[in-house]
Enquirer: 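Have a look at this one before I ask anything.
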Amino acid sequence: MKYTKYILILVIALLSFSCSKDDTNDIDPVIKSEREALLATTNIGFYQNGKSYFLFNKMAHQVVINPAQLRFRIQDDAGEKYAEIQLSAFPEADKTVKATITGNLLKGITLENVMLLRYQNKQLTLWCDAAHMGIILPWIEKK
């Protein structure tokens with residue numbers, strides 16, 4: 001009787017672990033590798049299809065952050081080349097947001113279901129599966 005109780009608990013535990021779903025196996029391998037490549041870097045900028053598209057270079061660019069409007073912008077020192085992103089809400093780990101990207105380098109792109117991959121060291125790493133696009137941006141808390 002004493003062992004039956006422990007065996008029953010062990011069987012239930014094994015069944016619950018074997019029935020749990022692992023979402024990482026359901027991800028398209030291309031998207032998974034692009035996400036991993038994005039998470040392997042901390043360079044501020046825009047990425048698409050696993051490659052850098054427009055990166056911040058502190059010798060040639062400026063960064064503008066407006067936390068009250070959830071806007072982020074990279075522009076060259078002359079203001080001629082720029083890309084800006086505006087978020088519909090501050091991203092959270094388990095919620096997606098909408099992002100609108102404007103500028104003369106990335107024109108009129110609306111991203112649905114943008115997810116937060118990482119928020120650490122005052123940097124947001126965002127990803128959109130549908131567009132195969134990632135964005136790494138510095139962030140400051142609004143006051």
Side-chain angles (χ1 to χ4, degrees), residues 4-143:
T4 308
K5 181 170 76 172
Y6 293 116
I7 291 173
L8 183 60
I9 291 172
L10 181 63
V11 168
I12 291 172
L14 287 173
L15 286 174
S16 67
F17 285 121
S18 66
C19 293
S20 67
K21 185 176 178 183
D22 183 6
D23 291 339
T24 58
N25 291 334
D26 296 340
I27 298 173
D28 178 330
V30 172
I31 290 174
K32 186 175 180 181
S33 69
E34 291 172 355
R35 283 185 190 178
E36 288 171 355
L38 184 65
L39 288 169
T41 187
T42 57
N43 296 328
I44 295 167
F46 296 83
Y47 297 80
Q48 192 160 32
N49 298 318
K51 298 178 182 151
S52 59
Y53 187 81
F54 180 43
L55 296 181
F56 171 70
N57 174 342
K58 66 181 177 181
M59 301 303 285
H61 298 118
Q62 300 172 12
V63 171
V64 179
I65 305 166
N66 184 335
Q69 293 183 355
L70 299 171
R71 286 183 185 263
F72 165 78
R73 177 180 176 125
I74 299 175
Q75 65 184 30
D76 65 2
D77 286 337
E80 295 173 0
K81 295 179 182 176
Y82 69 95
E84 180 175 292
I85 181 169
Q86 181 168 13
L87 304 173
S88 63
F90 191 82
E92 297 178 33
D94 57 350
K95 295 181 182 176
T96 61
V97 297
K98 180 178 173 183
T100 303
I101 300 174
T102 56
N104 56 10
L105 292 174
L106 296 163
K107 297 182 182 181
I109 299 171
T110 299
L111 303 174
E112 301 286 339
N113 300 318
V114 175
M115 65 181 77
L116 177 66
L117 292 183
R118 179 175 54 207
Y119 183 27
Q120 71 183 47
N121 300 327
K122 296 185 180 180
Q123 256 188 1
L124 293 173
T125 302
L126 307 174
W127 177 259
C128 177
D129 283 346
H132 293 252
M133 181 171 250
I135 303 108
I136 298 177
L137 50 104
W139 204 254
I140 53 175
E141 298 297 323
K142 64 181 180 180
K143 296 183 184 199

Enquirer: Does the side chain of Tyr53 reach to within under 4.5 Å of the side chain of Met133, using non-hydrogen atoms?
Expert: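 Not in contact.
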Enquirer: Is the closest side-chain heavy-atom distance between Phe90 and Tyr119 below 4.5 Å?
Expert: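 Touching, per the 4.5 Å side-chain cut-off.
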Enquirer: How far does CG of Leu111 sit from CD1 of Ile135, to the nearest 0.5 angstrom?
Expert: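 Interatomic distance, Leu111 CG to Ile135 CD1, rounded to 0.5 Å: 5.5 Å.
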Enquirer: Where does the angle between the aromatic ring planes of Phe54 and His61 fall among parallel (under 30°), tilted (30 to 60°) and perpendicular (over 60°)?
Expert: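 Judged by the thresholds at 30° and 60°, the geometry between Phe54 and His61 is perpendicular.
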Enquirer: Given side chains that start at C-beta, do those of Phe56 and Ile136 come closer than 4.5 Å, heavy atoms only?
Expert: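 With C-beta onward as the side chain, the pair stays apart.
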Enquirer: Given Leu137, which of Ile65, Leu126, Val63 fulfils the side-chain contact (heavy atoms from CB on, under 4.5 Å) condition?
Expert: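 One option only clears the test, and that one is Leu126.
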Enquirer: I'd like to know if the side chain of Thr41 and the backbone of Leu38 have a donor-acceptor N/O pair within less than 3.5 Å.
Expert: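 Not confirmed, Thr41 side chain does not pair with Leu38 backbone.
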Enquirer: Please round to the nearest 0.5 Å and tell me the distance separating atom CE of Met115 and atom CG of Asp129.
Expert: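 Rounded to the nearest 0.5 Å, the CE-CG separation comes out at 4.0 Å.
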Enquirer: Between the side chain of Gln123 and the main-chain N/O of Trp139, is any donor-acceptor distance below 3.5 Å?
Expert: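 A pair under 3.5 Å: no.
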Enquirer: Minimum heavy-atom separation for Leu124 to Pro91, with atom names?
Expert: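 What the structure gives for the nearest pair is CD1-CG, 4.3 Å.
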Enquirer: In the structure I gave you, are the side-chain heavy atoms of Tyr47 and Leu55 within less than 4.5 Å of one another anywhere?
Expert: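 When only atoms from C-beta onward are counted, Leu55 and Tyr47 do touch, with a gap below 4.5 Å.
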Enquirer: I want to check something: taking the side chain as every heavy atom from C-beta on, are Leu87 and Lys98 in contact at a cut-off of under 4.5 Å?
Expert: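 No, side chains not in contact.
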Enquirer: With side chains defined as the heavy atoms from C-beta onward, is the minimum distance between Thr42 and Arg118 less than 4.5 Å?
Expert: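 Yes, at least one pair of side-chain atoms sits under 4.5 Å.
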Enquirer: Quick one: does Asn43's side chain get under 4.5 Å of Ser52's, heavy atoms only?
Expert: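 With C-beta onward as the side chain, the pair stays apart.
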Enquirer: Strictly by side-chain hydrogen bond (donor to acceptor under 3.5 Å, both in side chains), give each pair with a member in residues 78-94 just once, sequence neighbours left out.
Expert: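 Pairs touching residues 78-94 that pass the test: Arg71-Glu84, Arg71-Gln86, Arg73-Glu84.
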Enquirer: Over all heavy atoms of both residues, which pair between Ser33 and Val30 is shortest? Give the atoms and the distance, please.
Expert: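 Reported closest heavy-atom pair: OG-O, 2.9 Å.
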